[in-house]
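What you are looking at is a predicted structure, and each value in this text was computed from that prediction instead of being measured. For ligands, and for the atoms within them, numbers begin at 1 and follow the listed sequence.
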Amino acid sequence: MKIFNDIFELIEYRKGLKGDVGFVPTMGALHNGHLSLIRNSIENSDFTIVSIFVNPTQFLPNEDLDRYPKREKADIQICKLAGVDAVFVPSSSDIYQKSEPVILAPNKKAYILEGAKRPGHFDGVLRVVLKLLNIVNPTNAYFGKKDAQQLYLIQNMVSTLFLRTKIIPCEIVREEDGLALSSRNVYLSDKDRKKALNISKSLKLASKAMMKGEFDCDVLKNIMKETMKELEIEYIEMVDRDFNKIDKIVLKNSIILVAAKVGETRLIDNLWI
Ligand code: PAF
């Protein structure tokens, strides 16, 4: 497996690859959620490239950039064992220049939900994803459905900027007890982890209610609020696949999104219906 720190060395390597290139951008601290993206890419591509870059521009000043888990050696080992062809670990000073054009996420859809709680976050995400896609020039890039709004905004950027990469959404991976995998789960104490299970439990209960024919979003929200009452709920919201808020769930075109704080840890989860 090749390891690149230098952007232009990676570009040269990429030029020499004949066949489909799958790309999995990550911020490291790899878990089984990332591994499922990587496996998906390996299965469907001739070559797989993984990037590890904790992107400073997507963190707000009061967020966890400094304590975000960093495990570069272990991450590289995981990629090697998984059969990745190349890992790209650029430095922040190579990715960002002092003076450069900046892409801004579309106002309406990037400043609701996650974007309302973390204003500017998606500007940083799109900025780095655009750069990474330009550097790696992949055939396909793999993103998890857990970051549903991020996925939507990246798909929107790729189609409106006429980028050539195909974005492949991948299913959410959960622990056996239902907790959605996230690099931030390592912050949870045992007690908080137990409390955090109420997030996926609330989505399960909403799903059960829908199976019984309940599609009214207010009713579903109340069921979920009750289950999550020990947590600091930031939002429970229902949207269609274009991220417009909805009052009634429409099958195959809705997403239920949740963000909540458990202790100091902020978690998100969702259910695609
Ligand atoms: O989802 C993530 O891990 C990050 O937002 C991404 C897409 C790697 C951009 O930094």
Side-chain angles (χ1 to χ4, degrees), residues 4 7 10 22-38 40-41 48-60 63-72 74-76 78-79 84 86-96 102-105 109-110 113-115 117-138 140-158 161 163 165-173 180-187 255 257 259 265-270:
F4 294 95
I7 293 176
L10 178 80
F23 176 46
V24 182
T26 81
M27 298 210 296
L30 301 184
H31 50 64
N32 281 336
H34 297 110
L35 258 183
S36 93
L37 305 181
I38 292 172
N40 207 332
S41 171
T48 291
I49 300 176
V50 173
S51 66
I52 299 174
F53 179 61
V54 182
N55 173 36
T57 62
Q58 70 188 75
F59 288 79
L60 271 63
E63 291 187 341
D64 55 344
L65 173 61
D66 291 338
R67 66 178 191 127
Y68 196 83
K70 287 180 192 68
R71 294 198 302 255
E72 195 179 305
D75 289 343
I76 288 174
I78 289 170
C79 289
V84 168
V87 175
F88 176 43
V89 195
S91 70
S92 189
S93 56
D94 282 345
I95 289 286
Y96 291 110
V102 170
I103 179 156
L104 295 179
K109 303 283 171 77
L113 303 160
E114 277 307 280
K117 293 289 167 193
R118 307 178 70 190
H121 164 69
F122 289 121
D123 296 340
V125 170
L126 294 193
R127 210 172 148 187
V128 80
V129 171
L130 180 59
K131 281 172 181 267
L132 292 170
L133 293 181
N134 280 334
I135 294 167
V136 178
N137 186 23
N140 298 315
Y142 295 79
F143 292 88
K145 284 179 164 183
K146 179 167 161 287
D147 293 300
Q149 196 174 1
Q150 163 174 291
L151 173 62
Y152 167 78
L153 291 165
I154 290 170
Q155 283 174 318
N156 174 273
M157 173 177 77
V158 164
L161 298 188
L163 305 183
T165 299
K166 187 170 174 205
I167 302 300
I168 313 285
C170 298
E171 294 307 322
I172 298 175
V173 181
L181 294 189
S182 159
S183 302
R184 290 191 167 97
N185 288 352
V186 296
Y187 299 151
I255 314 173
L257 303 150
T265 309
R266 188 174 183 280
L267 298 174
I268 59 170
D269 201 348
N270 62 58

message: Under 4.0 Å, heavy-atom basis, I'd like to know which part of Ile154 is in contact with ligand 1: side chain, backbone, both or neither.
response: neither
- request: Please report the C-alpha distance between Leu130 and Leu133 in whole Å, then the side-chain angles of each, then the deciding distance to 0.1 Å, and finally whether the side chain to side chain contact (heavy atoms under 4.5 Å, CB included) criterion is met.
  value: CA-CA 5 Å; Leu130 180 59; Leu133 293 181; 5.6 Å; no
message: Out of all atoms in ligand 1, which are within 4.0 Å of some heavy atom of Val128? Include the element for each.
response: 9 (C), 10 (O)
field: Atom indices of ligand 1, in the order listed, that fall short of 4.0 Å to a heavy atom of Thr26
entry: 8 (C)
query: Hey, is Arg266 close enough to Glu63 for a salt bridge, meaning N to O under 4.0 Å?
result: no
statement: A student comparing His34, Gln58, Arg127, His121 should find that the heavy atom closest to atom 9 (C) of ligand 1 comes from Gln58
Distance-only N or O hit between ligand 1 and Gln150, under 3.5 Å: yes
- prompt: For Lys166, does the NZ atom sit with more than 12 other heavy atoms under 6.0 Å from it, leaving out its own atoms?
  reply: no
message: Looking only at protein heavy atoms, which one is nearest to atom 3 (O) of ligand 1, and what is the separation?
response: Met27 CG, 3.7 Å
field: Pair Asn55-Tyr68, side-chain donor/acceptor within less than 3.5 Å
entry: no
message: I want to check something: taking the side chain as every heavy atom from C-beta on, are Glu72 and Val89 in contact at a cut-off of under 4.5 Å?
response: yes
- request: Give the numbers and elements of all ligand 1 atoms closer than 4.0 Å to a heavy atom of Pro25.
  value: 8 (C)
query: Salt-bridged, Asp64 to Arg184, with N to O below 4.0 Å?
result: yes
